[in-house]
Structure formats: C-alpha cells, structure tokens
Amino acid sequence: MPRPIQATIDISAFSQNLAVARQYATKARIMAVVKADAYGHGLFSAVSGFNDADGFALLELDAAIALREAGYQRPILLLEGFFSTEEIAEFQRYRLSAVIHHEEQVAMLTKSKHALDIFLKINTGMNRLGLTPDRFSLIIQQLIDSQCAKSLTLMTHFANADVPSEKGSVIQQFESFLSITRDYHYPRSVSNSAAIVRYPETQSDWVRPGIMLYGSSPFPDKTASELRLKPVMTLSSKIIAIHDLQIGDKVGYHALFEADRPMRIGIVACGYADGYPRHAPTNTPVLINDQRSRLLGRVSMDMIAVDLTDIKHAGLNSAVILWGEGLPVDEVAHYANTNSYELLCAVAPRVKRKMMR
Ligand SMILES: *Cc1c(COP(=O)(O)O)cnc(C)c1O
C-alpha cells in the first residue's frame with residue numbers, strides 16, 4: 001500500500017456548485033475561475049466538472065494552451081494578460097482572451113499587430129491591477145483606433161466583497177466603475193464569488209466565480225452548506241502509529257502538547273509538506289472514523305498527532321479526514337488563521353488526486 005494520504009475530488013460537486021452559481025446569477029455568463037491548477041483540485045478534473053461554464057479564467061499561459069489543445073472551444077481569459085510581446089502571438093494562435101490592466105500592454109499589443117479579445121481592467125480602489133480612472137478614456141480610445149481589440153469587455157475587481165462590514169466600499173467601487181465606463185457600451189465583468197452572492201446588482205454580463213465552485217464559503221459569517229455549496233476536495237489519510245500517554249507525557253516538536261490525563265494518540269500520515277497548514281494549533285478539528293477529534297501539538301513535515309482517547313474503534317489504519325466531506329475546509333482554515341483558498345491551493349503535488357464521479 002502506498003502512503004495513505006490522498007485528495008478525493010468529487011466531480012459531481014463541481015457541477016452542483018456551478019449550478020448554484022447559476023441560480024445566483026441567472027442572467028450572467030459564467031467564467032469559471034480555474035487558476036492555480038483549479039485551486040489545487042487539478043485543472044482537468046475541474047474542467048470535466050464545469051462542462052456547463054461559459055468560459056474559463058486563469059493566469060497560467062501553459063495551462064490555457066493545454067485547455068485549447070484538449071479541444072475546449074469557449075473563451076479562456078488570462079487574468080494577468082500577457083507579460084511580453086512574444087506571448088501575444090500565442091494568445092492569437094490559441095484564441096486566448098487577455099486582461100489588459102496596464103498601458104505598457106497596450107503598447108505591446110499595438111506593436112505586435114495582432115488582434116485579441118480584450119478585457120480592459122480598471123482600478124476602482126483595490127490598487128492591485130487596473131488602469132487608473134483618469135487614463136481610461138484615452139487608453140480605450142487607443143485600443144479602438146488601433147483595431148487591435150477583436151472585442152472589448154470592461155472589468156474591475158472588488159477588494160472587500162467578502163467582508164460583511166465593508167458594504168460601503170463595495171458600493172463605492174461599483175459606482176465608480178459605472179461612472180467611469182458610462183459612455184462605453186461594452187459587456188462588463190465585475191463579480192467574484194462573494195459579490196455574486198452578496199451584491200447581485202453587480203453581476204453584469206460575465207461573472208467570475210472561483211472559491212464557491214470548489215464548495216467553500218466566501219464569507220466568514222456564512223457556511224458553505226448554508227449557501228448550498230458542496231465540498232469538492234476531501235483530504236484524507238490514515239493512522240500509522242498509536243501511543244498511550246501518561247499524565248505529563250509530551251507530544252511532538254518542542255513538546256507543545258502535554259497530556260493532562262491518560263490519553264491515547266494516533267500519528268497521521270499528513271504534514272505541512274502535504275499542504276496541511278503548519279500553523280494549525282492544538283484543537284484544530286479532524287475526523288477519525290467519522291467522529292470529530294482534534295490535532296495535538298506541532299504539525300511536522302510529514303505527520304501530525306491526533307487525539308484518539310474518546311474515539312470508538314480507532315486503531316492502526318483508521319480513516320482520518322483532514323477536511324472535506326463532514327469537515328468544512330473553512331473551519332480548518334479558521335483554526336489555522338488563514339482562508340480556504342490558501343489551504344486548497346497548497347495541497348502538494350505528492351498528494352495523489354483521486355477523481356470520484
Ligand atoms: C481569483 C479571481 C476571481 C475569483 O475569486 P473568488 O473569490 O475565488 O470567487 C475573480 N476575479 C479575479 C480577477 C480573480 O483574480
């Protein structure tokens with residue numbers, strides 16, 4: 001038997017979550033975001049589950065080309081666009097749509113004499129990517145005049161759509177987007193998962209859901225199941241060693257956990273080199289034989305210790321779920337002081353993905 005850790009990918013959950021996104025955004029076309037190897041789930045598993053999407057968005061050119069070469073025909077949007085003039089020929093050859101967020105990219109495109117489908121991105125307050133509002137009219141006119149845009153879509157991105165107390169800033173970004181683009185009648189794309197659900201008025205022509213399609217909640221104050229989202233990835237492993245502890249016995253590096261009663265612990269084949277968060281503290285939940293238990297002490301590179309004291313029938317080879325079915329990744333992320341995006345993307349290449357239909 002190989003090392004028992006694996007990530008089971010439930011393909012039907014992909015399509016179920018996509019259907020939920022459609023119910024939230026009935027009028028918009030859906031660009032399923034599959035960057036970072038589909039948030040760590042595996043690009044081609046995700047693509048097989050997202051049959052019904054109207055397009056894909058990602059930012060790795062090799063992955064976009066692989067999608068085309070596999071026969072995918074709908075729009076594929078590169079969220080950071082091209083990085084050099086040489087790449088533009090590839091965009092043209094594979095019919096890839098490009099975000100243009102910087103004037104330098106317009107200069108490259110004009111010089112290349114190629115024409116692409118362009119998503120022109122405006123910085124409405126996040127100050128990450130996008131043209132500054134006062135340059136927008138000039139730049140879009142350059143694109144129109146140079147005829148290097150086969151089509152144009154106008155785009156922005158929210159900084160705070162997932163933060164319950166930041167409604168004002170979302171509305172402000174959206175209103176600023178509307179006012180900057182008022183005289184230009186092109187399709188628009190604004191909303192990520194959080195905005196699709198919480199700010200339906202922002203949905204426009206193309207929505208760009210990511211995290212919700214993987215079955216995780218974009219919000220700290222709403223669970224995935226409340227949003228009818230289903231976990232796609234279940235990270236599981238097994239108990240590979242057992243110890244009985246006396247009061248005062250210590251566990252793991254730096255003896256961070258000390259038994260305050262006689263205990264039974266299990267060692268699980270899963271560590272931070274598999275993508276389990278090293279900062280997860282004692283008491284982070286795990287499932288053992290479908291019963292809730294907890295992590296003990298420091299996460300090491302290849303192993304963690306878990307509490308078996310009150311777990312019925314636990315022993316060598318007992319099944320452990322780190323997150324997924326029965327234990328939301330959002331909950332583990334909360335304990336580890338991060339978000340589900342980081343945990344999902346960090347699942348290491350050495351963890352085999354197993355597709356389940
Ligand atoms: C990642 C990304 C998304 C998807 O965001 P989620 O929060 O995962 O829904 C949408 N738009 C852009 C520009 C992104 O980079």
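Whatever order the structure lists ligands and atoms in, that order sets their numbers, starting from 1. For clarity, every value in this text was computed on a predicted model and none was experimentally measured.
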Exercise for the section: For Glu87 and Phe83, indicate whether the former's side chain and the latter's backbone hold a donor-acceptor pair under 3.5 Å. Expected result: yes
Fill in the blank from the handout: Leu129 meets the side chain to side chain contact (heavy atoms under 4.5 Å, CB included) criterion, sequence neighbours left out, with Glu80, His101, Lys121
Handout entry: Ligand-residue contact atoms, ligand 1 with Lys35, heavy atoms, under 4.0 Å
Key = 1 (C), 2 (C), 3 (C), 14 (C), 15 (O)
Handout entry: Shortest protein heavy-atom distance from atom 5 (O) of ligand 1, along with the residue and atom involved
Key = Asn192 CB, 3.6 Å
Practice task
Heavy-atom contacts with Tyr39 under 4.0 Å: which atoms of ligand 1 show up? List them by number with element.
Solution key: 1 (C), 4 (C), 5 (O), 6 (P), 8 (O)
Practice task
Just jot down the ligand 1 atoms closer than 4.0 angstrom to any heavy atom of His157, in number order.
Solution key: 10 (C), 11 (N), 12 (C), 13 (C), 14 (C)
Handout entry: Proximal ligand 1 atoms for Ile211, defined as those under 4.0 Å from one of its heavy atoms
Key = 6 (P), 8 (O), 9 (O)
Practice task
Evaluate the ring planes of Phe14 and Phe50, with Trp represented by its six-membered ring, and classify them as parallel (under 30°), tilted (30 to 60°) or perpendicular (over 60°).
Solution key: perpendicular
Problem - Ser293 and Asp307: side chain donor to acceptor below 3.5 Å - result: no
Problem - Results of side chain to side chain contact (heavy atoms under 4.5 Å, CB included) for Met108 - residues two or more places apart only - result: Phe82, Thr85, Ile88, Glu104
Exercise for the section: Show which atoms of ligand 1 fall inside a sub-4.0 Å distance from at least one heavy-atom site of Lys121. Expected result: 13 (C)
Handout entry: Region of Met212 engaging ligand 1 - heavy atom pairs below 4.0 Å
Key = neither
Exercise for the section: Would you mind checking which non-hydrogen protein atom is closest to atom 10 (C) of ligand 1, with the distance to 0.1 Å? Expected result: Arg208 O, 3.4 Å
Exercise for the section: For atom 7 (O) of ligand 1, grab the closest protein heavy atom and report residue, atom and distance to one decimal in Å. Expected result: Tyr341 OH, 2.6 Å
Handout entry: Test item: Thr26 side-chain N/O and Gln23 main-chain N/O as donor-acceptor pair under 3.5 Å
Key = no
Problem - Side-chain (Gln173) to main-chain (His157) donor-acceptor, under 3.5 angstrom - result: yes
Exercise for the section: Quick one: look up the protein heavy atom nearest atom 9 (O) of ligand 1 and list residue, atom name and how far away it is. Expected result: Ser193 OG, 2.5 Å
